[in-house]
Colleague: 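One structure, as structure tokens, below. Some questions next.
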Amino acid sequence: MRNIRQTGLDNIFTLSMNGSKILSTKSLVPGVHSEKTITVGDEEFRIWDPYHSKLAAIILKGSSISIKKDSTVLYLGAANGTTVSHVSDIVLEGTVFAVEFSPRAMKDLIRISIPRTNLIPILADARYPDSYRNMVSEVDFIYQDVAQREQAGIAIRNASLFLKKNGLLILMIKLKSIDSIKKTDEVAKSEIKRLEDHFNIKELIDLEPFHSDHTAVIAQKR
Ligand SMILES: C[S@@+](CC[C@H](N)C(=O)[O-])C[C@H]1O[C@@H](n2cnc3c(N)ncnc32)[C@H](O)[C@@H]1O
């Protein structure tokens with residue numbers, strides 16, 4: 001394929017443009033006019049912007065996470081579906097359960113999920129996983145980007161219900177949403193300490209320069 005290179009990750013590609021590396025996923029639903037895409041032969045690739053997606057940022061920063069084409073993912077804080085749609089491109093043979101509590105964002109999420117048969121939108125509050133227990137199966141990954149206090153608590157409760165043993169949590173900690181007075185280092189340390197009772201911490205990734213005041217925690221369920 002000209003210009004486009006397969007990464008070591010399922011359905012994720014890179015493209016070199018003016019000396020910088022651009023990330024993309026192969027479109028599961030080609031022909032959406034509002035998206036930035038590149039067409040090579042009869043295949044369409046959607047540009048995946050690390051400034052708009054923390055998952056794209058950690059992949060560009062070299063995280064070892066590897067979501068596979070048959071993975072199941074519980075995505076907490078799906079918003080209007082920017083990142084979720086790329087996860088749906090990746091897990092072609094799997095499923096993404098996308099939880100979001102804003103009815104306005106859910107409207108967009110439902111719209112993008114209609115042609116994406118592997119994407120299940122769920123209008124619910126991630127703090128109360130019992131409320132969507134009947135809609136979600138066991139998953140290989142939990143991706144959490146909810147910008148809430150109690151982020152570790154939300155992750156622990158969801159993981160205890162849905163994450164497989166040895167499954168991976170990818171948690172985006174927005175340091176200032178937890179405590180605006182404590183120093184960011186202190187905040188991250190106390191959230192990570194709470195996680196350590198349930199998970200082995202695998203990686204900590206600072207999201208600079210793409211997202212300030214954010215750290216990604218990759219942790220494996222024991
Ligand atoms: C930073 S945005 C997520 C961006 C999205 N992950 C992306 O990359 O496209 C955080 C989202 O989490 C949602 N959210 C916050 N608290 C939540 C909760 N308790 N349950 C479900 N969604 C929540 C917000 O409504 C918002 O849409």
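Ligands are counted one by one from 1 in listed order, and the atoms in each one are counted from 1 as well.
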Colleague: So, is G77 polar-close to ligand 1, with some N/O to N/O distance under 3.5 Å?
Modeller: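 It does: an N or O of G77 is found under 3.5 Å from an N or O of ligand 1.
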Colleague: I'd like to know if the side chain of T215 pairs up with that of D206 as donor and acceptor (distance under 3.5 Å, no hydrogens or angles considered).
Modeller: no
Colleague: Tell me which one of K174, E100, R104, R127 gets a heavy atom nearest to atom 13 (C) of ligand 1.
Modeller: E100
Colleague: Between K26 and D89, is there a side-chain N and carboxylate O pair less than 4.0 Å apart?
Modeller: no
Colleague: For atom 15 (C) of ligand 1, what's the nearest protein heavy-atom neighbour? Residue, atom name and distance, please.
Modeller: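 The closest heavy atom on the protein side is V146 O, 3.0 Å.
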Colleague: Between K68 and S66, do the side chains contain an N or O donor and an N or O acceptor separated by less than 3.5 Å?
Modeller: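 Note: K68 and S66 side chains meet the donor-acceptor criterion.
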Colleague: Would you mind checking which non-hydrogen protein atom is closest to atom 16 (N) of ligand 1, with the distance to 0.1 Å?
Modeller: Q148 NE2, 2.8 Å
Colleague: Using a 4.5 Å cut-off on heavy atoms from C-beta on, say whether the side chain of M172 contacts that of Y143.
Modeller: yes
Colleague: Below the 3.5 angstrom mark, is there an N/O of T83, backbone or side chain, next to an N/O of ligand 1?
Modeller: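 T83 vs ligand 1: N/O contact under 3.5 Å present.
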Colleague: For atom 19 (N) of ligand 1, grab the closest protein heavy atom and report residue, atom and distance to one decimal in Å.
Modeller: D125 OD1, 2.8 Å
Colleague: Tell me the protein heavy atom at minimum distance from atom 22 (N) of ligand 1, and give that distance in Å.
Modeller: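 Residue, atom and distance for the closest contact: F101 N, 3.3 Å.
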Colleague: Among V139, V84, V91, find the residue that satisfies the side-chain contact (heavy atoms from CB on, under 4.5 Å) test when tested with V73.
Modeller: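 Among the candidates, only V91 passes.
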Colleague: Is D145 close to ligand 1, meaning an N/O of one under 3.5 Å from an N/O of the other?
Modeller: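 The answer is yes, given that D145 and ligand 1 share an N or O pair closer than 3.5 Å.
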Colleague: Record the part of A79 in heavy-atom contact with ligand 1 below 4.0 Å; permitted values are side chain, backbone, both and neither.
Modeller: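 For A79, backbone and side-chain atoms both sit under 4.0 Å from ligand 1.
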Colleague: Decide yes or no for I67 and D10: does some side-chain heavy atom of the first lie under 4.5 Å from some side-chain heavy atom of the second?
Modeller: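 With C-beta onward as the side chain, the pair stays apart.
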Colleague: Quick check on contacts: which atoms of ligand 1 are under 4.0 angstrom from a heavy atom of A124?
Modeller: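 Result: 20 (N), 21 (C).
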Colleague: Using a 4.0 Å heavy-atom cut-off, say whether K54 meets ligand 1 through its side chain, its backbone, both or neither.
Modeller: side chain
Colleague: For F210 and Y51, take the angle between the two ring planes, folded into 0 to 90°, and tell me which bin it lands in: parallel under 30, tilted 30 to 60, perpendicular over 60.
Modeller: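 Correct class here is perpendicular.
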Colleague: Any N or O of Y75 that comes nearer than 3.5 Å to an N or O of ligand 1?
Modeller: yes
Colleague: Considering only heavy atoms, does A126 approach ligand 1 within less than 4.0 Å through its side chain, its backbone, both, or neither?
Modeller: both
Colleague: Given the side-chain rings of F162 and Y132, with only the six-membered ring counted for Trp, is the space between their centroids under 6.0 Å?
Modeller: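 F162 vs Y132: aromatic centres under 6.0 Å.
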Colleague: May I ask you to check whether R46 and T37 show a side-chain donor-acceptor distance below 3.5 Å?
Modeller: no
